[in-house]
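Everything numeric in this text was worked out from a predicted model, so none of it was measured.
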Amino acid sequence: MIDRNAFRRQPDVLQAALSRRNMALVAEGSAWQRALALDVEQRRGKQQAEALQAERNRVSKLIGQKKRSGEDASGELARMAEVGAETTALDHKAKAAEEAFTQALLEIPNPLHDSVPDGDDEDANVELRRWGNPRADAVPNHWDIGGDRLDFEAGARLAGSRFSVLRGPMARLERALMQLMLDLHVDRHGYEEVWVPAIANRETMMGTGQLPKFEADLYRLAGEDAFLIPTAEVPVTNLYRGMVLEAAQLPIRHCAYTPCFRREAGSAGKDVRGLIRQHQFDKVELVQLVHPDTAHEALEQLTGHAEAVLQTLELPYRVVVLCAGDVGFSSEKTYDLEVWLPGQQCYREISSCSCFGQFQGRRAQIRFRDQPKGKPQAVATLNGSGLAIGRTLVALLENGWQPDGSVRLPEVLHPYMGGMQMIPAAGKGGAS
RNA sequence: GGAGAGAUGGCUGAGUGGCCGAAAGCGGCACCCUGCUAAGGUGUUACACGGGCAACUGUGUCGAGGGUUCGAAUCCCUCUCUCUCCGCCA
């Protein structure tokens with residue numbers, strides 16, 4: 001949620017920052033324009049209602065005093081009978097106006113950080129650096145390398161399209177990667193591991209910005225106002241919803257493994273083959289709650305922590321900064337890590353690291369006191385994938401592929417794979 | 001899933017229609033006293049939003065939402081959560 005005070009004091013600055021994302025955001029009929037109009041209406045209604053309430057409270061108190069001392073209060077009572085109904089009506093009107101205002105505010109995205117480059121879509125994202133040496137030889141796609149151990153037919157039969165079943169060494173590799181990533185972030189980067197529910201209620205989804213705007217992207221539970229989480233960011237950030245923290249508690253750093261569920265509405269036809277775009281996938285997520293002054297410093301660090309996973313797995317990648325038109329709703333700045341996939345001869349997103357400034361902190365009411373007696377202010381939040389596990393598995397298969405069909409595994413993985421150094425070539429038909 | 005009990009400030013806990021934004025205790029903070037420590041004394045100590053340069057002031061908040069009433073922590077309705085017992089279950 002954008003800052004109400006800034007919204008009132010310098011709407012021009014905010015409007016400029018918003019229009020960098022997309023001019024439509026500030027056009028006629030946009031949530032922004034609605035909010036501007038509703039704010040005025042909302043405040044006027046509130047003042048009228050409060051004036052009447054003050055009158056009612058004053059007279060009611062008088063009636064109480066008179067009754068106690070045995071005096072006659074029928075004059076006041078008669079007067080208040082009329083005022084009462086009017087008060088209720090005005091109060092309801094004021095509440096409705098405030099509700100509409102808040103709804104409009106919730107639909108306004110986070111204004112961008114100044115360092116975000118201009119641009120309309122992903123083509124304008126800016127590459128910042130590369131790591132590793134991409135192999136240039138001809139490598140099969142991961143689904144060919146995986147063979148019958150990546151079973152998309154079984155996934156479709158059990159659940160539907162975009163679901164999969166992993167068998168044997170592939171299932172083990174999925175599990176090994178979870179462990180490796182969590183261990184790395186806990187032991188080397190100082191994150192506290194948490195384990196959280198994969199279902200979140202509406203309030204929780206509101207807190208991190210998935211709702212109210214993006215309900216169509218979520219799986220909703222029938223008969224309940226609850227959803228499957230699209231990322232661990234949701235439950236982990238909301239761990240602190242409604243809390244006032246002490247400055248000394250910051251920064252808070254958590255990593256978590258969860259399954260993630262996405263409807264992928266609107267991505268019809270994209271990545272239909274293979275593991276790249278699934279309705280259910282595994283991810284280890286990094287989440288930080290920090291002092292707003294250090295937020296962007298923290299983003300650099302957090303991005304480095306995600307990069308460390310790729311480096312330890314010896315996977316070539318590049319870092320891009322998303323341009324204005326490509327940054328997500330709640331984020332003020334985002335780096336994507338893109339891993340080299342030799343089977344597709346391209347870089348594919350494997351991690352997205354975002355700084356949300358105080359946007360989520362305000363929405364979810366996660367605050368802290370800078371001074372012991374000071375006014376609580378919203379914390380800054382950040383998160384990043386560290387990493388998406390299915391896509392990491394894909395990258396390992398394609399980058400580790402050997403001409404004989406086997407897959408060489410990087411050394412750090414060997415202990416997690418029970419000593420296995422190679423995944424044998426896929427069998428020719430039949431389960432291996 | 002069934003039956004019952006409950007939800008009050010940072011915490012414990014009183015409060016069954018007006019004198020209650022809320023007793024008391026603990027904790028926190030400030031000051032005083034004391035050679036240090038300990039003990040003691042006095043005062044103070046919720047949040048949000050609106051108006052005001054400010055002093056200050058208005059409104060709302062006793063799990064959430066609605067209702068009754070001139071007036072609700074207190075009465076009524078709905079919901080959420082917690083606890084106990086029963087059932088079921090990894």
Side-chain angles (χ1 to χ4, degrees), chain A residues 1-9 11 35-106 195-207 211-212 220-227 235 238-249 259 358 360-379:
Chain A
M1 171 134 51
I2 61 170
D3 184 351
R4 278 174 129 102
N5 286 325
F7 175 75
R8 270 172 207 150
R9 268 188 239 122
L36 285 173
L38 285 166
D39 186 33
V40 177
E41 184 186 328
Q42 176 255 139
R43 279 151 90 185
R44 199 169 34 221
K46 196 170 202 169
Q47 281 172 34
Q48 287 173 355
E50 286 188 357
L52 212 55
Q53 281 166 352
E55 168 73 0
R56 184 197 64 192
N57 289 349
R58 203 180 54 76
V59 178
S60 289
K61 211 160 201 171
L62 200 68
I63 293 172
Q65 283 167 7
K66 285 201 168 183
K67 286 210 162 178
R68 245 175 297 126
S69 58
E71 290 175 66
D72 174 48
S74 53
E76 283 82 1
L77 277 174
R79 201 163 110 240
M80 280 301 102
E82 294 164 31
V83 176
E86 200 185 336
T87 308
T88 312
L90 261 184
D91 187 43
H92 283 183
K93 217 176 118 197
K95 274 197 174 139
E98 192 179 359
E99 175 66 20
F101 174 61
T102 305
Q103 276 306 312
L105 279 190
L106 284 173
W195 187 91
V196 294
I199 289 174
N201 59 30
R202 180 168 293 273
E203 231 184 324
T204 301
M205 288 291 182
M206 284 273 191
L211 291 179
R220 177 160 176 193
L221 273 61
E224 297 191 48
D225 207 16
F227 306 81
N238 276 282
L239 280 175
Y240 298 94
R241 187 173 75 232
M243 288 189 171
V244 179
L245 306 164
E246 297 306 321
Q249 289 177 261
Q358 294 173 288
Q360 290 180 332
R362 277 190 294 264
R363 277 176 94 104
Q365 300 248 65
I366 307 172
R367 293 170 297 178
F368 76 105
R369 284 181 218 280
D370 217 351
Q371 305 296 325
K373 288 276 177 186
K375 249 197 168 328
Q377 59 166 318
V379 301

Measure the shortest side-chain to side-chain distance between M1(A) and L106(A) over non-hydrogen atoms and say whether it is less than 4.5 angstrom.
-> yes
N/O contacts under 3.5 Å, protein versus nucleotides 68-71 of chain B?
{"from": "C70(B)", "atom 1": "O2'", "to": "S60(A)", "atom 2": "OG", "distance (Å)": "3.2"}
{"from": "G71(B)", "atom 1": "O4'", "to": "S60(A)", "atom 2": "OG", "distance (Å)": "3.2"}

With rounding to whole Å, what would you report as the distance between U57(B) and C83(B) at their P atoms?
-> 44 Å
Tabulate below the donor-acceptor pairs under 3.5 Å that side-chain atoms of residues 57-67 of chain A make, not counting sequence neighbours, or state none.
{"from": "R58(A)", "atom 1": "NH2", "to": "E55(A)", "atom 2": "OE1", "distance (Å)": "3.3"}
{"from": "S60(A)", "atom 1": "OG", "to": "R56(A)", "atom 2": "O", "distance (Å)": "3.0"}
{"from": "K66(A)", "atom 1": "NZ", "to": "E76(A)", "atom 2": "OE2", "distance (Å)": "3.3"}

Sequence neighbours left out, what passes side chain to side chain contact (heavy atoms under 4.5 Å, CB included) with L52(A)? Give chain and number order.
-> V83(A), E86(A), T87(A), L90(A)
Can you establish whether the number of heavy atoms outside Q249(A) located under 6.0 Å from its atom CD is more than 12?
-> yes
Contacts of type side chain to side chain donor-acceptor pair (under 3.5 Å), residue D225(A), not counting sequence neighbours = R202(A), R220(A)
Find every protein N or O atom lying less than 3.5 Å from an N or O atom of nucleotides 76-79 of chain B, and list the pairs.
none

Integer angstrom distance from the P of A38(B) to that of C29(B) | 13 Å
Can you check whether H92(A) has a side-chain N or O nearer than 4.0 Å to OP1 or OP2 of G67(B)?
-> yes
G-U wobble or Watson-Crick pairing nucleotide for G58(B) (cut-off 3.5 Å, both distances) = C49(B)
What is the nucleic acid contact for R58(A), judged by heavy atoms within less than 4.0 Å: base, sugar-phosphate only, or nothing?
-> nothing
Cut-off 3.5 Å, no hydrogens considered: what does the side-chain donor-acceptor table look like for residues 91-105 of chain A, sequence neighbours left out?
{"from": "D91(A)", "atom 1": "OD1", "to": "Q53(A)", "atom 2": "NE2", "distance (Å)": "3.2"}
{"from": "T102(A)", "atom 1": "OG1", "to": "E98(A)", "atom 2": "O", "distance (Å)": "2.9"}

Compare all side-chain heavy atoms of Q358(A) with those of Q377(A) and state whether any distance is below 4.5 angstrom.
-> yes
Nearest-Å distance once atom P is located in both G66(B) and G52(B) = 28 Å
Set of ring-ring contact (aromatic ring centres under 6.0 Å, His included) partners for F227(A), sequence neighbours left out = none
Taking only residues two or more places apart in sequence, or in another chain, which ones meet E224(A) in a side chain to side chain donor-acceptor pair (under 3.5 Å)?
-> none
Spacing between D91(A) atom CG and A72(B) atom P, to the nearest angstrom | 12 Å
Please name all residues satisfying salt bridge (Lys or Arg N to Asp or Glu O under 4.0 Å) with E50(A), sequence neighbours left out, ordered by chain then number.
-> none
The Watson-Crick or G-U wobble partner of G9(B), with both key distances under 3.5 Å, is none
Whole Å only: how far is the CG atom of L52(A) from the P atom of G58(B)?
-> 16 Å
Quote, to the nearest angstrom, the P distance that separates A23(B) from C62(B).
-> 16 Å
For G43(B), give its Watson-Crick or G-U wobble partner with both distances under 3.5 Å, or none.
-> C29(B)
Roughly how many Å is it from CD in E99(A) to C1' in G66(B), rounded to a whole number?
-> 14 Å
In whole Å, what is the span from the CD atom of E98(A) to the C1' atom of U59(B)?
-> 11 Å
Roughly how many Å is it from CE in M1(A) to P in C49(B), rounded to a whole number?
-> 11 Å
Between A64(B) and G10(B) - P atom distance, rounded Å = 13 Å
Counting Watson-Crick and G-U wobble pairs only, both distances under 3.5 Å, name the nucleotide matched with G21(B), or none.
-> none
Those residues that, when tested against P259(A), pass side chain to side chain contact (heavy atoms under 4.5 Å, CB included) (two or more places apart) | A198(A), Y257(A), F261(A), Q280(A), D282(A)
Figure out the CG/P separation between L62(A) and C19(B), and round it to whole Å.
-> 13 Å
Could you measure between the two C1' atoms, the one in C75(B) and the one in C86(B), and give it in whole Å?
-> 32 Å
If pairing means Watson-Crick or G-U wobble with both distances under 3.5 Å, then the partner of C88(B) is none
Identify the nucleotide, in any strand shown, that forms a Watson-Crick or G-U wobble pair with G4(B), with both distances under 3.5 Å; if there is none, say none.
-> C83(B)
Under 3.5 Å on both distances, the Watson-Crick or G-U partner of G71(B) = none
What protein N or O atoms touch nucleotides 50-57 of chain B N or O atoms at under 3.5 angstrom, if any, and at what distances?
{"from": "G50(B)", "atom 1": "OP1", "to": "R8(A)", "atom 2": "NH1", "distance (Å)": "2.2"}
{"from": "G51(B)", "atom 1": "OP1", "to": "R43(A)", "atom 2": "NH2", "distance (Å)": "2.9"}

In whole angstrom, what separates Q65(A)'s CD from G17(B)'s P?
-> 19 Å
Taking a pair as Watson-Crick or G-U wobble with both distances under 3.5 Å, which nucleotide is matched to A14(B)?
-> none
Identify, with sequence neighbours excluded, every residue that meets side chain to side chain donor-acceptor pair (under 3.5 Å) alongside D39(A).
-> R8(A), Q42(A), R43(A)
